[in-house]
Structures are given as C-alpha cells and as structure tokens.
Amino acid sequence: MEHNSKYDFKAIEAKWQAYWEENHFYKVTEDPSRPKYYALEMFPYPSGNLHMGHVRNYAIGDVVARFKTMNGYNVLHPMGWDAFGLPAENAAIKHGAHPAKWTYANIDNMKAQLKSLGTSYDWDREVTTCNPDYYKFTQWMFLKLYEHGLAYKKNAAVNWCPSCQTVLANEQVVDGACERCDTTVEKKQLEQWFFKITDYAQRLLDDLEKLPGWPEKVKIMQKNWIGRSEGCQFSMQIEGMDEKLTVFTTRPDTVFGVTFMVMAPEHPLVEKLVAGKPEEKAVKEFVSRMQLVSEVARTSAEAEKEGVFTGAYAINPMNGERVPIWIANYVLMDYGTGAIMAVPAHDQRDFEFARKYNIPIRVVIQGEDTPLDGSQLREAYVGHGRMVNSGSFDGLSVEEGKARVIAYMQEHGIGEGTVNYRLRDWLISRQRYWGAPIPIIYCPQCGTVPVPEKDLPVMLPMEVEFRPTGESPLNYVEEFYKTTCPVCGTEARRETDTMDTFVCSSWYFDRYCSPHETEIPFTREATDYWMPVDQYIGGVEHAILHLMYARFFTKFLYDIKMLNVEEPFTNLLTQGMVLKDGSKMSKSKGNVVSPEEIIDTYGADTARLFILFASPPEKDLEWSDQGVEGAHRFLNRVWRLVMETVDLLREVNLPAEYKELDAAAKALRFKTHATIKKVTDDIETRFNFNTAISAIMELTNAINDYRSQEEQDLCVLKEAVQTLLVLLCPFAPHITEELWSRMGNQTSIHLQSWPAYDPEALVQDEIEIVLQINGKVRDRIMVPAGASEDELRAMALNNSRIRELTKDQNIVKIIVVPGKLLNVVVKP
RNA sequence: GCGGCAGUGGCGGAAUCGGCAGACGCGCUAGAUUCAGGAUCUAGUCUGUGUACGCAGGUGGGGGUUCAAGUCCCUUCUGCCGCACCA
C-alpha cells in the first residue's frame with residue numbers, strides 16, 4: 001500500500017497544472033502531416049468571475065479538445081477575452097477605476113480560474129479584444145468594409161437606450177427594451193454608421209443549408225430573423241398631386257380587393273399629403289400622439305388598431321379605382337416601403353381596421369365551398385381559392401394570380417416582383433468610450449475620409465472623463481478628436497463613436513490562427529490550415545447576434561480573398577443553462593453557486609465530472625449539491641481502486657494476446673472493451689458525456705466486483721484499470737494523471753492514444769435471448785452465440801415455460817430477432 | 001397567433017435503427033463497521049398483488065398501426081424557449 005493513500009485533490013490539481021504549464025503541454029503549431037481539429041468555446045466577457053455557465057461551456061470544450069488530441073488530431077484550442085463593452089465603463093463611472101484597469105484585473109482573475117479548472121488551452125494564442133494590437137485589426141476590418149461600400153453612415157431613426165446612453169442594434173432590443181439593462185428603448189434620429197449586412201441576406205439564408213452540423217433550432221431562428229418574403233413592389237399615383245405612393249405586398253393576387261391605403265405615421269410623404277387639407281390638424285395630432293407612444297406599445301399585436309383618414313386618394317393602377325389613404329399605428333416605417341395596400345377581405349389586420357372605420361370589404365378570392373360575402377365575413381379569408389371580381393384575372397388560383405399580376409405590372413411599368421427581408425443593416429456606432437474607435441476622419445475640405453491603414457490603430461486615449469452625457473466621452477478629449485486630414489492636411493475632426501463589441505467578436509476565431517501578426521490580422525497560411533472551426537460551443541443566447549455577424553464577416557473576408565472558407569463554424573453545440581431551484585442562476589435570485597467554492601471544496605475534477613454527468617450538454621442542467629458529492633464519491637472510489645491495486649499490478653506486463661480466460665476474466669475483458677466502444681461512440685458521435693461517464697462508472701463497478709473474485713487474472717485486471725483511467729482522463733484530467741503516474745507510467749496520460757476496442761474481446765460464447773409470448777417476456781435463455789434461427793426456434797419451443805404457456809394455444813408464427821429475442825405469437 | 005423543444009420512479013436522467021422500460025447517479029430503507037457522527041461496505045428500492053416462482057398494470061391524456069410502441073401515425077393537454085401587426 002502506498003504511503004500517501006488519501007485523495008488529496010488540492011495538491012494533485014496544483015501539481016499537474018504547474019507541470020502542464022511549465023512543459024508548454026498544450027502549445028500547438030501548424031503541422032500539415034496531421035489532421036487538424038479546431039475546438040472553440042465562445043470567449044467570455046471578463047466580468048470578474050467565472051460562473052457555472054462558463055464552467056459548463058469550458059468543461060465541454062475541454063473534453064472535446066482532449067479527446068480529439070488523443071485521437072491523433074492536431075488540436076487548436078485557444079482562449080481569449082471579449083474585453084470591450086459597457087460594464088467596464090459603468091464600473092468606471094461608479095467606482096472611478098479606469099475601464100482598462102478594471103478589465104485587465106478581471107482578466108487576470110478569470111484566467112487563474114480557468115487554469116484552476118484544468119483546461120487545455122494554448123495560452124500563447126490568447127486574444128484580448130481591447131488590446132491595441134487586436135483592435136487595430138478590428139479597425140482594419142471596418143476600413144475594408146468601407147472600401148467595399150459595406151460600411152456607410154446615414155441619418156436614421158435608431159434604438160436609443162436612455163440608461164446605457166447609447167444606440168443599440170435591432171438585435172439588441174428585446175421586447176422593446178435594452179437587452180442589457182431592460183430599460184425601454186426610445187427612438188432617436190441620429191447620424192450613425194451601419195454595416196450593410198443586408199447585402200448578404202440571401203447568402204446568409206441559403207448557406208444555412210450547408211450547415212448540417214448546426215442545431216435545427218438555431219438555423220430556424222436565423223431564417224426567421226432574415227425573414228425573406230417574396231412579393232412585388234408597385235406605385236400608386238396620388239390623386240391631384242405629382243407624387244406616387246409605393247407599396248410592397250406578398251399578395252398581388254388580391255390587388256383588386258384594395259379598398260384603402262395605409263401609411264406609417266412617420267412616412268415622409270404624410271406632411272405633404274395633408275398640407276392645406278381640412279384633415280391636416282387631425283392627422284398631425286395623430287402623428288404626434290404616436291410619437292409619444294413607445295414603439296413596443298404601438299406595434300404589439302394586441303394593440304388596438306387605430307388611424308385617421310388623410311383626405312387624400314390614390315389610384316389603383318389595376319382598375320383605376322380611387323382609394324382613400326389612411327395613416328395607422330399598425331404599419332411600420334422600417335419594413336417594406338412604410339405603406340401598404342389594404343385588402344380587408346384577405347388580411348386580418350386590414351379586416352379589423354376596416355370594420356372599425358366602416359371601410360368596404362370586397363372579396364376577390366373565392367374559396368372552394370360557400371361563396372364569401374364581404375359584409376358577412378367574421379374574419380379575413382386567407383386560404384386558397386380562385387380570383388373573383390378581378391377583371392381578366394378571374395378564375396386564376398392564388399399562386400397563378402400572383403405570378404400573372406406581377407407579370408402584368410412589369411409589362412405596364414406599374415411595378416415589379418421583389419424580395420423583402422426583415423433583416424436590417426447592422427448599426428455599429430456606439431456613443432461610448434470602451435470600444436474600438438471608428439477609424440474615420442471628417443475633413444471640411446474632403447468630407448468623410450477613412451484613416452489610412454498605416455496610421456492604425458486609432459488609439460483610445462487613456463485620459464478620459466466619464467460622465468453619462470449621451471455623447472461619446474471621446475467628444476471631450478481634444479487630443480483625440482483634433483487631427484489633420486490624411487488627404488489634404490487641413491485641420492479635421494475624428495469620429496468619436498466607437499464600434500459595437502459584436503464587431504470585435506465577429507473575427508476573433510481567425511485571429512487565434514496567427515495571433516502575433518502585427519501587419520495583417522491573420523495569415524492565409526494559418527487560416528487555410530485551421531479554419532473552419534470544427535466544433536464551436538456556447539450558449540444559445542448567441543443564436544442570432546454573434547453567430548449571424550460572424551457568418552457575415554466570414555463571407556465578406558472570403559469575398560475579398562482573406563479566407564478560403566465561407567462559413568466559420570462547421571459544427572455548433574448550443575449548451576443548456578445551469579439552473580438552481582428551477583431557474584437560471586442570478587445574483588438577484590440569490591441562487592448562485594460559485595465555481596471557485598466548488599473547486600476549493602471538491603476540486604476541479606469533481607466540478608467538471610458533475611457538470612458533464614448531470615445532463616446532456618444541450619439541455620438545461622439542474623444544479624445539485626448532492627450530485628456534486630456523488631461525483632466526488634465516484635472519484636474517491638476510483639482513487640481507492642487504483643491505490644489498492646497499484647502494488648499488485650506494478651510488475652504486470654500486458655500480453656499481446658489473451659487466451660484461456662475463465663468466465664469472470666472474460667466477462668471483465670468484455671466489459672472493458674464494451675466500455676471503450678460505448679464511451680468513444682458517446683463522445684464522438686453524440687456528445688453525450690453523461691452516458692459516457694455512466695459507462696465508466698459501470699466499468700468501475702465491474703472492476704470492483706472482479707476484485708472480490710478468489711482467482712484474479714492480473715493482466716485482465718490491469719488492462720481494465722488502465723483503460724478506466726484513460727477513458728476518464730478527458731473528463732477528470734488531474735486525478736487520472738496522478739494515478740497514471742503512480743501506476744508507474746513515465747509519460748502523461750494525456751499523451752496516450754485513445755484506446756481502440758478489441759473486437760475479439762466482444763465475441764461472446766453465449767448470449768441471452770429473451771423469450772416472449774405475444775410480446776410479453778416469459779423467460780430468458782442462454783444460447784450459443786452462433787445459433788441459427790432454426791436452432792433458436794427449436795430451443796424456444798422446447799423451453800418448459802413456453803411449452804406450458806402455449807399448450808392450449810395455436811402458434812400462429814414465431815418472430816426471431818437475431819441476438820436479442822424471440823416472440824411466439826399465439827391465438828386461443 | 002406562428003415556429004421550435006420537451007413531458008419516463010421521490011429527484012437528475014438512460015433506453016442510439018420499432019425489440020427486455022427505469023442503465024448510471026442522487027435520495028431513501030435495512031444491515032455490517034463505529035463509543036458516536038462522518039466515511040466506507042453489503043442488500044433492497046416503478047406500482048398493485050402474493051410467503052415465494054409469478055401474475056397484472058405502467059413512459060402527460062385519448063385513439064390507431066404492429067407479432068412487438070417511451071420510440072411510428074392521428075388527436076388532445078401541459079410546460080419551456082424563440083419570433084410576434086413584417087403587409
């Protein structure tokens with residue numbers, strides 16, 4: 001018995017972490033002779049401390065990385081920091097510490113925590129987005145987008161968070177509130193920078209097809225967010241004016257059913273339309289009232305539809321009819337053209353509005369059954385049918401009608417078929433300090449001038465005052481904004497807005513490939529070798545924002561020949577949340593369990609093992625203190641098992657072949673190799689770490705059972721114990737390393753090859769066959785493994801229980817499932 | 001409203017291709033060890049019934065297909081997530 005037989009996880013974990021670090025164990029370089037594998041977990045925002053969600057994310061990633069390494073892959077497994085962002089600045093306002101100081105202190109702390117988890121990162125490739133050597137290239141990305149017409153500035157109604165004092169992207173507005181602080185978002189008219197992600201809408205949609213390794217759920221969310229709809233856009237002459245009203249519709253087949261038009265209150269034509277009319281006052285009142293109502297309240301589906309008549313009329317180009325133009329709350333300015341043709345008979349919203357304001361309802365699509373009557377309708381008819389009251393188009397089906405009306409409009413110059421997307425351009429300006437400055441200079445002579453590449457980075461100044469003014473603090477730093485025009489040398493002013501932090505995280509996975517480049521963001525050589533990411537792991541909350549932006553950047557970089565991949569992430573695993581008492585861990589709920597405490601009390605191996613064992617990775621996980629203790633108990637059992645056998649097995653050499661084993665030894669070998677097969681399959685094809693671990697537990701139990709045998713085959717026992725450690729080492733890297741070395745092994749267990757199962761060991765002499773009558777289990781028999789169907793049949797019919805239970809019955813047929821069961825079908 | 005996911009013991013979960021429901025772990029019960037507690041070990045643990053071999057029922061509810069259904073089909077209920085007046 002070893003002298004020190006207690007499982008001292010603290011000493012063991014510290015020892016091996018130091019060993020791995022000193023020996024640069026996880027450093028990786030490009031090696032064309034081996035297949036590469038890029039395992040990536042979403043990098044964290046350095047908020048100060050790791051939480052359980054991080055632990056789960058990084059434990060999953062670490063198992064994948066270690067498993068792939070043992071399987072012979074050259075594995076890139078990097079880590080970094082999404083380090084720009086509002087919390088640092090808010091902390092600065094609150095506590096007076098500079099955002100940089102706050103951020104870097106947090107990084108130090110969290111890095112130590114990540115190391116204490118036993119993660120296998122190549123820290124030489126660490127990336128920190130707030131470092132000038134990184135954001136230099138975030139700015140470079142901006143310049144490239146600008147150069148290709150994909151970064152532009154426009155005055156737009158934008159989402160403004162009054163609490164964060166900055167604008168937000170559409171994707172950052174949740175239920176009309178700021179996703180960060182929950183404050184109701186306001187609309188503000190501002191000059192802002194945008195990235196033209198809409199140019200990529202169709203490709204972002206189409207290429208989802210090329211991602212079989214992504215969860216269906218995420219793809220559907222992206223698809224909905226892109227929101228493609230086909231239809232047509234056409235113009236209507238406004239009566240008595242030299243103006244046209246353009247509308248978008250997906251139902252051109254119902255154009256003969258138009259009985260009114262509706263414009264959004266913000267529509268630029270509204271003022272002109274009503275000028276001098278008796279309705280002017282009422283319209284203006286309505287418009288200003290709508291401005292006061294929050295966007296959510298106004299556009300929620302439950303909101304009562306309301307509007308006013310403008311006094312103006314448009315001419316329906318299809319039939320020359322005069323149609324009144326209304327303004328209503330239910331039409332949105334930022335979708336389509338901000339105006340619609342209203343067909344109350346065949347659109348529920350138009351229907352409700354028409355009922356309320358007594359506008360006629362005209363049926364132009366007739367369903368199969370009873371004829372529809374506009375005045376009798378209870379709701380809009382949106383089903384299939386044939387066109388009626390539509391002149392020469394009568395009789396066409398909805399589908400034919402759409403095509404024919406569009407064709408007609410195109411022939412007569414009225415309009416054309418178009419595709420509309422819900423996706424808007426990505427607003428990237430932020431009126432805050434702690435972000436990458438937008439590399440643009442405004443010159444009174446030359447106008448908007450991009451900063452020349454050689455002048456990058458545009459450095460964030462360190463001396464800044466933080467006050468919540470609603471303007472970028474950079475506005476008050478003269479030495480920052482005062483500059484000269486790079487074209488003509490005139491005194492000029494820098495852009496003082498910074499970039500959305502999602503810009504930084506849209507390309508960091510490329511940077512990991514060659515993180516030390518100073519003149520270019522990354523080399524083609526490195527990205528050609530490493531990209532795409534083979535397995536990306538992170539929370540589902542990034543399903544739209546980050547994952548869509550990263551796809552957009554990758555496609556752009558592909559187009560400008562910086563990358564040779566069009567999609568950044570081949571496989572995506574969206575992990576579930578970590579819950580406690582049924583809800584997400586949060587400070588406000590007071591149900592937070594600190595990873596540091598768990599690691600301190602039980603060790604990192606226990607923490608990792610529990611979190612991977614409690615639930616499959618994509619599902620939510622309920623935290624259980626007792627479950628943690630269970631995981632710890634298991635590791636103690638493994639510890640004792642190895643320590644109690646280590647002396648016995650030290651001098652045992654494993655044979656090349658196993659012959660003449662007794663039944664118990666054969667059974668243990670079977671279990672050993674069946675476990676290899678099961679664990680390999682669970683990790684490789686399903687990421688079901690929970691069942692992989694339970695299989696390892698079963699093997700542990702089987703080894704302990706075997707040890708109670710009087711006669712033990714030490715070779716078989718040693719093989720089983722070694723296999724147990726090797727299979728367990730990706731999950732619990734420290735204890736397995738320690739026990740492996742105590743068994744007398746000179747090299748790290750993490751340098752072992754992943755074991756292959758021996759098919760010979762899985763061959764059984766006898767197997768159990770279940771005997772059923774009418775699908776109910778009646779008996780089990782042991783039969784020779786090679787028994788034929790006829791032999792099985794004979795044995796079954798000869799079985800005493802089967803004979804007994806079928807003696808007064810007619811046997812209708814017998815179903816044999818080889819290797820599993822036999823079912824005797826009987827009738828009385 | 002639309003879209004997606006899920007519903008299995010006291011709990012977390014397993015059952016991968018239609019073939020033994022409840023693996024593994026937690027909890028609980030009894031016993032061993034112990035002054036005691038803790039730790040550890042052994043046995044048991046879906047429900048009903050029976051001394052027992054067993055028998056019957058059982059995967060949210062109802063119906064169906066099949067020799068055989070947690071798994072497939074129809075229908076319905078509940079919970080969670082996403083989107084939501086997108087013309």
Side-chain angles (χ1 to χ4, degrees), chain A residues 174-175 215-221 223-225 227-229 231 247-251 254 262 264 296 298-305 328-332 334-343 346-350 352-353 420-423 540-541 543-544 576-577 582 609-610 613-616 618-631 633-634 636-637 640 678 681-682 685-686 688 690-698 700-701 704 708 768-780 801 812-827:
Chain A
V174 179
D175 291 335
E216 212 50 43
K217 177 190 164 87
V218 173
K219 288 192 277 187
I220 287 168
M221 281 167 75
K223 201 172 169 180
N224 291 341
W225 193 264
R228 178 193 158 99
S229 59
V247 298
F248 171 76
T249 182
T250 52
R251 294 294 304 273
T254 64
V262 191
V296 226
R298 206 190 94 198
T299 58
S300 97
E302 290 90 55
E304 165 101 14
K305 287 170 186 45
N329 59 346
Y330 74 97
V331 173
L332 311 171
D334 58 358
Y335 181 78
T337 63
I340 60 160
M341 64 174 217
V343 184
H346 305 294
D347 181 284
Q348 186 58 25
R349 296 151 299 175
D350 299 344
E352 287 167 31
F353 193 81
N420 232 299
Y421 299 92
R422 262 175 36 116
L423 183 72
V540 73
E541 65 273 19
I544 296 173
M577 288 187 296
L609 197 72
F610 165 72
F613 177 61
S615 169
E618 67 280 2
K619 288 180 72 180
D620 287 350
L621 178 156
E622 174 70 27
W623 184 265
S624 155
D625 292 329
Q626 284 164 333
V628 177
E629 282 179 34
R633 259 201 298 275
F634 168 69
N636 263 303
R637 259 199 321 274
R640 283 197 305 274
K678 163 90 178 146
D681 193 49
D682 277 351
T685 64
R686 305 200 303 162
N688 278 15
N690 55 332
T691 50
I693 293 168
S694 73
I696 295 170
M697 287 173 169
E698 283 186 57
T700 310
N701 296 343
N704 275 329
S708 63
E768 190 188 71
I769 293 288
V770 168
L771 298 182
Q772 297 182 332
I773 296 174
N774 287 351
K776 294 197 184 292
V777 181
R778 293 305 172 198
D779 206 356
R780 299 144 198 277
R801 272 192 58 76
V812 182
K813 63 173 153 176
I814 297 175
I815 307 228
V816 182
V817 182
K820 279 192 178 143
L821 59 72
L822 183 147
N823 188 17
V824 182
V825 184
V826 297
K827 267 186 184 161

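Residue numbering restarts at 1 for every chain, and letters A, B, ... go by the order of the sequence lines.
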Using a 4.0 Å heavy-atom cut-off, does A:D681 contact any base of the nucleic acid, only the sugar-phosphate backbone, or nothing at all? base
From B:rG12, B:rC85, B:rG19, pick the nucleotide closest to the side chain of A:K820? B:rG19
Short side-chain N/O contact to B:rC67 OP1/OP2 from A:K813, under 4.0 Å: yes
Residue A:R686, side-chain atoms from C-beta onward, closest of B:rA15, B:rC24, B:rC20: B:rA15
Heavy atoms, side chains only, cut-off 4.5 Å: are A:L822 and A:V770 in contact? no
For B:rG57 versus B:rG62, give the span between their P atoms, rounded off to a whole number of Å. 15 Å
Does a side-chain heavy-atom distance below 4.5 Å link A:I340 with A:T249? no
Atom-to-atom span, CD of A:Q626 to C1' of B:rC24 - whole angstrom: 17 Å
Assign A:L821 to base, sugar-phosphate, or nothing according to its heavy-atom contacts below 4.0 angstrom with the strands shown. base
Take atom CG of A:N688 and atom C1' of B:rG12, then tell me their distance rounded to the nearest Å. 15 Å
What is the base-pairing partner of B:rC20, counting Watson-Crick and G-U wobble geometry with both distances under 3.5 Å? none
Specify the separation, in whole Å, of atom CD of A:E618 and atom P of B:rC81. 18 Å
Close side-chain approach of A:V540 to A:K217, heavy-atom, < 4.5 Å: yes
Using a 4.0 Å heavy-atom cut-off across all strands, classify A:T691 as base, sugar-phosphate, or nothing. sugar-phosphate
Output yes when at least one side-chain N/O atom of A:R778 is less than 4.0 Å from OP1 or OP2 of B:rA68, else no. no
Might you point out which heavy atoms bring A:N688 and A:P616 nearest each other, and give the distance in Å? OD1-CB, 4.4 Å
Of the listed B:rC83, B:rC67, B:rA87, the closest approach to the A:R422 side chain comes from B:rC83
From B:rG25, B:rG19, B:rA87, nucleotide with atom closest to A:T249 side chain: B:rA87
For B:rA15 versus B:rC24, give the span between their P atoms, rounded off to a whole number of Å. 14 Å
Inter-nucleotide C1' distance (B:rC77, B:rG63), Å rounded: 15 Å
Can you tell me how far P of B:rC67 sits from CD1 of A:I815, to the nearest Å? 7 Å
Which part of the nucleic acid, if any, lies within contact of A:E622, taking any heavy atom under 4.0 Å across all strands shown: a base, the sugar-phosphate backbone alone, or nothing? nothing
Of the listed nucleotides B:rC20, B:rG12, B:rC24, the one nearest the side chain of A:V777: B:rC20
Parallel under 30°, tilted from 30 to 60°, perpendicular over 60°: which one fits the rings of A:F610 and A:W623? perpendicular
Gap in Å between the two C1' atoms, one belonging to B:rG60 and one to B:rC80, rounded: 15 Å
Residue A:T250, side-chain atoms from C-beta onward, closest of B:rA87, B:rU16, B:rG19: B:rA87
Same-atom distance (C1') from B:rA43 to B:rU33, integer angstrom: 15 Å
In whole Å, measure the gap between the C1' atoms of B:rA84 and B:rC2 for me. 8 Å
Across every strand shown, the nucleotide meeting Watson-Crick or G-U wobble geometry with B:rG1 (both distances under 3.5 Å) is B:rC83
Side-chain H-bond candidate by donor/acceptor type, A:D682 with A:T691, under 3.5 Å: yes
Any-strand Watson-Crick or G-U partner of B:rA39, both distances under 3.5 Å: none
Does A:M221 or A:S615 map to a spot on RNA chain B nearer the 5' end, using the closest nucleotide for each? A:S615
Quick note, A:Q772 side chain, CB onward, closest among B:rC20, B:rA15, B:rA87 is B:rC20
Using purine N1 to pyrimidine N3 plus N6-O4 or O6-N4 for Watson-Crick, or N1-O2 and O6-N3 for G-U wobble, both under 3.5 Å, which nucleotide pairs with B:rG25? B:rC11
Would B:rG12 be called syn or anti here, given the cut-off of 90° from 0? anti
Classify the nucleic acid contact of A:K223 as base, sugar-phosphate or nothing, counting any heavy atom under 4.0 Å across all strands shown. nothing
Could you tell me the separation between the CZ atom of A:F613 and the P atom of B:rG12, rounded to a whole number of Å? 14 Å
Mind checking who B:rC55 pairs with, Watson-Crick or G-U wobble, both distances under 3.5 Å? B:rG48
Could you measure between the two C1' atoms, the one in B:rU78 and the one in B:rU59, and give it in whole Å? 16 Å
Compare all side-chain heavy atoms of A:W225 with those of A:I220 and state whether any distance is below 4.5 angstrom. no
Which nucleotide wins on minimum distance to the side chain of A:M697, given the candidates B:rG25, B:rA14, B:rA87? B:rG25
Taking the P atom of each, how far is B:rC46 from B:rG10, in whole Å? 10 Å
B:rC85 C1' sits how many Å from A:N329 CG, rounded? 8 Å
Applying side-chain contact (heavy atoms from CB on, under 4.5 Å) to A:K678 and A:D681, what does each step give before you reach the verdict? CA-CA 5 Å; A:K678 163 90 178 146; A:D681 193 49; 5.9 Å; no
Roughly how many Å is it from CD in A:E352 to P in B:rG1, rounded to a whole number? 14 Å
Could you check how far CE of A:M577 sits from P of B:rG82, rounded to whole Å? 8 Å
Base, sugar-phosphate alone, or nothing: which one does A:N690 contact when heavy atoms must sit under 4.0 Å apart? sugar-phosphate
Given B:rG19, B:rG4, B:rG82, the nucleotide with the shortest approach to the side chain of A:N823: B:rG19
Closer than 4.0 Å, any side-chain N/O of A:R801 to the OP1 or OP2 of B:rC53? no
Taking a pair as Watson-Crick or G-U wobble with both distances under 3.5 Å, which nucleotide is matched to B:rU66? none
Would a 4.5 Å heavy-atom cut-off, applied to side chains only, mark A:L771 and A:L821 as touching? no
Of A:A631 and A:N420, whose nearest nucleotide on RNA chain B comes first from the 5' end? A:A631
Reckon A:G630 touches a base, only the sugar-phosphate, or nothing at all at heavy-atom distances under 4.0 Å? sugar-phosphate
With syn defined as a glycosidic angle within 90 degrees of 0 and anti as anything else, the base of B:rC74 is anti
Should B:rU33 form a Watson-Crick or G-U wobble pair with both distances under 3.5 Å, which nucleotide is its partner? none
Heavy-atom check, side chain of A:V343 versus side chain of A:R251, under 4.5 Å: no
Indicate for each nucleotide in nucleotides 38-47 of chain B, in 5' to 3' sequence, whether protein heavy atoms under 4.0 Å reach the base (B), only the sugar-phosphate (S), or nothing (-). --SS------
According to a strict under-4.0 Å criterion, is A:K776 in side-chain N/O contact with OP1 or OP2 of B:rG57? yes
Which of A:N823, A:V825, A:V817 passes side chain to side chain contact (heavy atoms under 4.5 Å, CB included) with A:Q772? It is A:N823
Watson-Crick/G-U partner (both atom distances under 3.5 Å) of B:rA6: B:rU78
Could you tell me if the side chain of A:R228 sits less than 4.5 Å from the side chain of A:L423, heavy atoms only? no
